[in-house]
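From a predicted model like this one, the values you see are computed outputs, not experimental measurements. A, B, ... follow the sequence lines: proteins, then strands. Residue 1 opens every chain. Worth knowing before you read on, the calculation uses all heavy atoms, side chains too, and leaves out hydrogens, waters and symmetry mates.
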Number of protein chains: 2
Amino acid sequence: MPKRGMEPIRRAQLIEATFFCIHKYGFAGTTIKRVAEKAGTSVGLVLHYFGSKDGLLEATMRSLLKKLGTNLQSDDISDDDPKAQITAIINSNFAEDQVSPEAITVWLAFWGQALHTPKLSRLQKINLARLRSNLRYWLSQLLPKEDARFAADGLAALIDGLWLRGAFEETGIQRRHARDICLDYLNRALK
Amino acid sequence: MPKRGMEPIRRAQLIEATFFCIHKYGFAGTTIKRVAEKAGTSVGLVLHYFGSKDGLLEATMRSLLKKLGTNLQSDDISDDDPKAQITAIINSNFAEDQVSPEAITVWLAFWGQALHTPKLSRLQKINLARLRSNLRYWLSQLLPKEDARFAADGLAALIDGLWLRGAFEETGIQRRHARDICLDYLNRALK
DNA sequence: CCTAATGTTGAGCGTTCATTCAATGATATA
DNA sequence: TATATCATTGAATGAACGCTCAACATTAGG
């Protein structure tokens, strides 16, 4: 029962199915066949829309990074309260819909794979730099430049490390605990 | 030219070759054939000694974790100086031979794969818990119990996060910088 | 020297993978 | 209603995978 205008719908379905498969089977175990089955379509259709498996994976990573970067923009905090801005960044990184076991697993899978796939590597580097430079910007309003850089590097690593360890906690990330650790780091850095 | 007593030598060679392949090709791209070629042996021999690809990978992860956990024991610091003990833990995690791009890449690859391989998952959890409990033990000599747990969780995440980000720096981890961030965290936690 | 144990290989098996391709179904437009 | 375009499928292909197995080479002990 094919209808016109299916392209965006199919693309979204297939990306969603790819998330599911990476979460369930890992990067190595994610095959086009499995993705197609999960999405309820044929193998041929996947390649019709994404050209190749690499194309599908790249689109999926783009979608993931977009998701992970979206939360922040919805908040509107006054620009003259840097600490509130940083707090918002921390909160957004541990918002409920960001730290699902599925999100963490897939995020980690891409992290590992990006080391061996130039296109994914570029996306990953952009994302890494973004968090750090955002933190640097707001911290530099509160601290001398060098201290701001130092604290931003630490805070960025701390956030990622909490994510990383969260991948192995059955319950997913302990959101409040993770948030408290980051806020504590921030408060101590500002003293 | 086969000789007796080759088993331990071959095992070591093959594990070494597996490191190389995981670093170069990633987890998904590491095949028995590539490992055998790198080690200069035949495909059959790999399976002769490790039974299966999974067996080889498990042995390789065991070897990696052993490497990463070795440094500490060589240091001997008096037990009545907890801060020195913690400093030694931090230093050992960023010791030169621990933070080679190869080590970080392989470590990260296993981290991602362990989520989908029960045997690797068990190894991984043991390792995660070890760092944290070591930190807890020494911190609890300097801080109230709850504060010690809090700081240990933060410091463990910070260390792992610095490793994680180091995977994407062309130069590998900036050892001194990473160390300074951790020591700074420690000092502030003890105030 | 013979034999048993160890070390090693390469061919071959069945499976699964990503990808190509020709063909068909459905819809909008003219 | 005709036609071009979009949506979709399933079969076919060739390569690569992990793994089995029979056979051979080398060595140590009796």
Which donor-acceptor pairs under 3.5 Å do the side chains of residues 123-130 of chain A make with protein atoms, sequence neighbours left out?
from	atom 1	to	atom 2	distance (Å)
A:Lys125	NZ	B:Glu170	OE2	2.9
A:Asn127	OD1	A:Arg130	NH2	3.2

Q) Could you go step by step and tell me if A:Leu155 and A:Leu131 meet the side chain to side chain contact (heavy atoms under 4.5 Å, CB included) rule? A) CA-CA 10 Å; A:Leu155 192 46; A:Leu131 173 58; over 6 Å; no
Q | Residue B:Thr41, side-chain atoms from C-beta onward, closest of C:dT9, D:dT8, D:dA7 | A | C:dT9
(Q) Please verify the inter-ring angle class for A:Trp163 with A:Phe94; under 30° counts as parallel, over 60° as perpendicular, anything in between as tilted. (A) tilted
Q | Members of residues 111-123 of chain A that approach DNA chain D, where some heavy atom sits under 4.0 Å away | A | none
What protein N or O atoms touch nucleotides 28-30 of chain D N or O atoms at under 3.5 angstrom, if any, and at what distances?
from	atom 1	to	atom 2	distance (Å)
D:dA28	O4'	B:Arg4	NH1	3.4

**Q.** Interatomic distance, B:His48 NE2 vs D:dA22 P [rounded to whole Å]
**A.** 16 Å
Q: Please indicate whether B:Lys33 has more than 12 foreign heavy atoms, meaning atoms of other residues, nucleotides or ligands, lying under 6.0 Å from its NZ.
A: no
Q. Can you check whether B:Val106's main-chain N or O pairs, donor with acceptor, with B:His23's side chain at less than 3.5 Å?
A. no
Q: Verify the cluster assignment for A:Phe150 and A:Tyr137: are they in a single hydrophobic cluster under the rule of side-chain heavy atoms below 4.5 Å apart?
A: yes
Q | Face-on cation placement of A:Lys67 at A:Phe19 ring, 6.0 Å and 45° thresholds | A | yes
**Q.** Nearest-angstrom distance from the residue atom CG of A:Leu14 to C1' of D:dA7
**A.** 13 Å
Q: Can you tell me the distance, in whole Å, between the CG atom of B:Leu57 and the P atom of D:dC17?
A: 14 Å
Return a table of donor-acceptor pairs under 3.5 angstrom between the side chains of residues 56-65 of chain B and protein atoms on other chains or two or more places apart.
from	atom 1	to	atom 2	distance (Å)
B:Glu58	OE2	B:Arg62	NH1	2.5
B:Thr60	OG1	B:Leu56	O	2.8

(Q) Distance check needed: C:dT9 P versus B:Glu37 CD, whole Å only. (A) 12 Å
Q) Taking CD from A:Glu7 and P from D:dT5, how many angstroms apart are they, rounded to a whole number? A) 16 Å
Q: Would you give the length of the straight line joining atom CD1 of A:Ile32 to atom CG of A:Leu47, rounded to the nearest 0.5 angstrom?
A: 4.0 Å
Q. Reckon A:Tyr49 touches a base, only the sugar-phosphate, or nothing at all at heavy-atom distances under 4.0 Å?
A. sugar-phosphate
(Q) Walk along nucleotides 15-21 of chain C from 5' to 3' and tag each nucleotide B, S or - by protein heavy-atom contact under 4.0 Å, base first, then sugar-phosphate. (A) --SSBB-
Q | Distance in angstrom units between A:Phe50 CZ and D:dT8 P, rounded | A | 13 Å
Q: Grab the two heavy atoms, one from B:Asn93 and one from B:Val99, that are nearest each other, plus how far apart they are.
A: O-CG1, 3.7 Å
Q | Nearest-angstrom distance from the residue atom CG of B:Leu56 to P of D:dC17 | A | 14 Å
(Q) Using five base pairs at each end to define the local axes, how bent is the helix from C:dT3-D:dA28 to C:dA30-D:dT1, to the nearest 10°? (A) 0°
Q | Under 3.5 Å: donor-acceptor pair, side chain of A:Arg34, backbone of A:Gly29 | A | yes
Q: Let me see the working for B:Asp180 and B:Arg176 under salt bridge (charged side-chain N to carboxylate O under 4.0 Å, His left out), right down to the final yes or no.
A: CA-CA 6 Å; B:Asp180 288 349; B:Arg176 200 172 322 172; over 6 Å; no
Q. Do you know the tightest heavy-atom contact between A:Ile22 and A:Ala109?
A. CG2-CB, 3.6 Å
Q) How close or far is atom C1' of D:dT8 from atom CE of A:Met6, stated in whole angstroms? A) 10 Å
